[in-house]
> 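What follows is a single structure, and I will ask about it in a moment.
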Amino acid sequence: MRHTFFAAMAAALAFSFAAPAHTDACSRVLYVGSDSTLRIVGRSLDWKTPIPTNIYVYPRGIVKNSHELAGAFSWKSRYGSVYAVGYDGGVTEGMNEKGLVINGLFCKGTVYGNVSTEGRPPMSLAVFVAWLLDMNATTPEVVKVLQEHNFNISGATFDGGTVSTLHWGITDAEGRSAMVEFVDGDIKIYEGQDIPVLTNDPTFPAMNAINDYWKAIGGANFLPGRVSSPDRFVRGYFFDENVQKVADHDLAFSIIRSIMANVSVPYLYEVNGDPNVSSTQWRSYADLSYRRYYFDLVTNPGVYYIDLSKCDLHEGAPVLKLDTSNSSTYVGDATDKLVPSAPFTPMY
């Protein structure tokens, strides 16, 4: 056991120091306040080319399909949600009316399927997060569904053929968390209370081994400063652990926003000879108790939010949309900027 641990640690550290600067980048950090009900999940979306992302609010009672392939299944949503939808074709992340938040981040080592999953009902990545938010109120409920693994994930490519290889951070209003990864077609779920950080590769256990190394050094002495996934994980963890824990939601938002700025990648960041380095395009912040979903486009001068408690989520209410390309003047509560819309068309 001792030999296995040190071998894994050595491999993890080798990845940390050798990881190229152009690693696909996203970061998720959970801030927990001094009031046990105050939790805000911050997230950055980093990519080398623009990923147009709009905000949709879906009410309860809408029927959706897991895929357009034969054998797909349908569901009728139990809960209303706010979604961030990339290319108006796929749900990147979201929060439902119960305060359940799911964030999808890139993880290059992901393999969704194997021989055992081939006959299971097809599930598109475009609606996978929506399905989980629509039908579950808590992290344990989501974990139960995932452990059953009665689906076979696939997804359309984007950005000239890029495959959406993802893993997910899941957090509910009580702080129950799960980090979910697909390894050689099998689901690996790491559960805990208020799990603070998720970034990209390597896998979650290996990333924690890297972080343990840096915790032993002590972040007050030295922190890794590159844009690589392990470096962002370590910085996010250290600052999240060492900022003040407050009870004021506005102040808490300022704190998590400052942490996310520290783990973001400067906009239009380039390295000589490698111009396609991922940079942060937007950040989001989900207040799990206030049910506010903040959106921070890095090219906008301000931050705005959707207040789910002010949205009509009853069955039969219209789907609402906020076109972020027209949001440059929005600051603060932008719930009234939502307009009735047709549902987005999934990129199956």
Side-chain angles (χ1 to χ4, degrees), residues 37-41 43 53-68 72-86 88-104 123-124 126-145 168 170-176 249 253 284-295 303-324 326-327 330 332-348:
T37 66
L38 195 166
R39 290 180 175 85
I40 303 177
V41 177
R43 179 266 170 75
T53 303
N54 290 318
I55 298 172
Y56 284 80
V57 173
Y58 272 61
R60 308 171 206 123
I62 294 184
V63 176
K64 302 172 190 174
N65 299 315
S66 66
H67 214 296
E68 60 183 1
F73 62 91
S74 300
W75 69 92
K76 184 177 180 180
S77 56
R78 295 173 184 163
Y79 307 109
S81 299
V82 55
Y83 306 141
V85 181
D88 269 351
V91 179
T92 302
E93 65 169 20
M95 175 175 64
N96 71 17
E97 61 182 296
K98 296 297 183 180
L100 176 69
V101 175
I102 302 179
N103 311 99
M123 165 59 69
S124 171
V127 295
F128 181 59
V129 170
W131 173 51
L132 297 176
L133 290 172
D134 288 355
M135 304 303 291
N136 301 282
T138 67
T139 298
E141 290 179 22
V142 175
V143 168
K144 183 176 184 295
V145 170
W168 292 268
I170 303 170
T171 312
D172 66 20
E174 296 185 14
R176 292 167 293 195
H249 284 251
F253 168 70
S284 69
Y285 309 89
D287 188 318
L288 281 64
S289 53
Y290 274 13
R291 309 299 196 262
R292 289 178 178 175
Y293 181 77
Y294 295 79
F295 203 70
V303 182
Y304 52 88
Y305 65 87
I306 302 301
D307 189 337
L308 267 185
S309 68
K310 294 181 180 179
C311 297
D312 184 359
L313 301 178
H314 291 91
E315 183 172 350
V319 172
L320 301 173
K321 177 182 179 180
L322 188 152
D323 183 344
T324 62
N326 296 321
S327 67
Y330 298 171
D333 190 349
T335 311
D336 62 355
K337 306 300 183 183
L338 292 162
V339 297
S341 169
F344 73 87
T345 302
M347 295 169 55
Y348 290 124

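When a residue number appears, it is its place in the shown sequence, counting from 1.
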> If you define the side chain from C-beta out and look only at heavy atoms, does anything of I62 sit under 4.5 Å from P343?
no
> Looking only at non-hydrogen atoms, find the nearest pair between V101 and A286 and report the distance.
CG2-CB, 3.7 Å
> Below 4.5 Å, heavy atoms only, C-beta onward: do V41 and M95 meet side chain to side chain?
no
> Surrounding CZ of R78 (heavy atoms of other residues, nucleotides or ligands, distance under 6.0 Å), is the total greater than 12?
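Incorrect, the count does not exceed 12.
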> Of the non-hydrogen atoms in A84 and Y293, which two are nearest, and what is the gap between them?
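Shortest heavy-atom contact: CB-OH, 3.4 Å.
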> Looking just at side-chain N and O atoms, do D307 and Y290 make a donor-acceptor pair shorter than 3.5 Å?
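Absent: no donor and acceptor within the cut-off.
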> Can you name the residues that form a side-chain hydrogen bond (donor to acceptor under 3.5 Å, both in side chains) with T37, not counting sequence neighbours?
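Checked T37 against side-chain hydrogen bond (donor to acceptor under 3.5 Å, both in side chains); matches are D35.
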> Please give me the minimum heavy-atom distance between T335 and C311, naming the atom from each residue.
CG2-SG, 3.8 Å
> Measure across L100 and L132 and return the closest heavy-atom pair with its distance rounded to 0.1 Å.
CD2-O, 4.2 Å
> Any sub-3.5 Å donor-acceptor pair from R43's side-chain atoms to S284's backbone N or O?
no
> Any side-chain heavy atom of L133 sitting closer than 4.5 Å to one from Y58?
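Counting from C-beta outward, L133 and Y58 never come under 4.5 Å.
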> Could you go step by step and tell me if V63 and W75 meet the side chain to side chain contact (heavy atoms under 4.5 Å, CB included) rule?
CA-CA 5 Å; V63 176; W75 69 92; over 6 Å; no
> May I ask you to test the L313-V57 pair for a side-chain heavy-atom distance under 4.5 Å?
yes
> Side chains of K337 and S327: does their closest heavy-atom pair fall under 4.5 Å?
no
> Hey, what's the ring geometry for F253 with Y285, parallel, tilted or perpendicular (30° and 60° as the breaks)?
perpendicular
> Rounded to the nearest 0.5 Å, how far apart are OG1 of T324 and OH of Y304?
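Here the interatomic distance stands at 5.0 Å.
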> How long is the span from the NZ atom in K76 to the NZ atom in K64, to the nearest 0.5 Å?
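Answer rounded to 0.5 Å: 12.5 Å.
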> Can you check whether D312 reaches P59 side chain to side chain, under 4.5 Å on heavy atoms?
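Heavy-atom side-chain distance check fails, nothing below 4.5 Å.
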> Given the rule in the side chain to side chain contact (heavy atoms under 4.5 Å, CB included) test, do T138 and E174 qualify, once you have shown the distances and angles that lead to the verdict?
CA-CA 8 Å; T138 67; E174 296 185 14; over 6 Å; no
> In Å, rounded to the nearest 0.5 Å, how long is the span from CD1 of I102 to CZ of F128?
7.5 Å
> Testing the basics here: between K98 and Y79, what is the closest heavy-atom pair and its distance to 0.1 Å?
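For K98 versus Y79, the nearest heavy atoms are CE-CE2, 3.6 Å.
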> When rounded to the nearest 0.5 angstrom, what distance separates CZ in F73 from CG in N65?
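Rounded to the nearest 0.5 Å, the CZ-CG separation comes out at 9.5 Å.
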> Just by modelled atom types, is the G61 backbone N or O under 3.5 Å from a matching donor or acceptor in the S77 side chain?
yes
> Enter the distance from I306:CD1 to D336:CG here, rounded to the nearest 0.5 Å.
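Interatomic distance, I306 CD1 to D336 CG, rounded to 0.5 Å: 8.5 Å.
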> Do F295 and V82 have side-chain heavy atoms sitting under 4.5 Å apart?
no
> Is a side-chain donor or acceptor of E141 paired with a backbone partner of N136 at a separation under 3.5 angstrom?
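Not confirmed, E141 side chain does not pair with N136 backbone.
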> Using a 3.5 Å distance criterion without hydrogens, assess whether the side chain of T139 forms a donor-acceptor pair with backbone atoms of D172.
yes
> State, yes or no, whether a side-chain contact exists between Y56 and S341 at a heavy-atom distance under 4.5 Å.
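Answer yes - side chains close enough.
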> Got a second to check how far R292's CZ is from K310's NZ, nearest 0.5 Å?
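Between R292 CZ and K310 NZ, I get 7.0 Å after rounding to 0.5 Å.
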> Start with the C-alpha distance between W168 and V142, add both sets of side-chain angles, then the distance that settles side chain to side chain contact (heavy atoms under 4.5 Å, CB included), and finish with yes or no.
CA-CA 12 Å; W168 292 268; V142 175; over 6 Å; no
> On the 0 to 90° scale, with breaks at 30° and 60°, tag the Y348-H67 ring pair as parallel, tilted or perpendicular.
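Ring orientation of Y348 relative to H67: parallel.
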> Not counting sequence neighbours, which residues clear side-chain hydrogen bond (donor to acceptor under 3.5 Å, both in side chains) with D287? List them please.
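Applying side-chain hydrogen bond (donor to acceptor under 3.5 Å, both in side chains) to D287 gives H249, S289.
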> Of the non-hydrogen atoms in D134 and S81, which two are nearest, and what is the gap between them?
OD1-OG, 4.1 Å
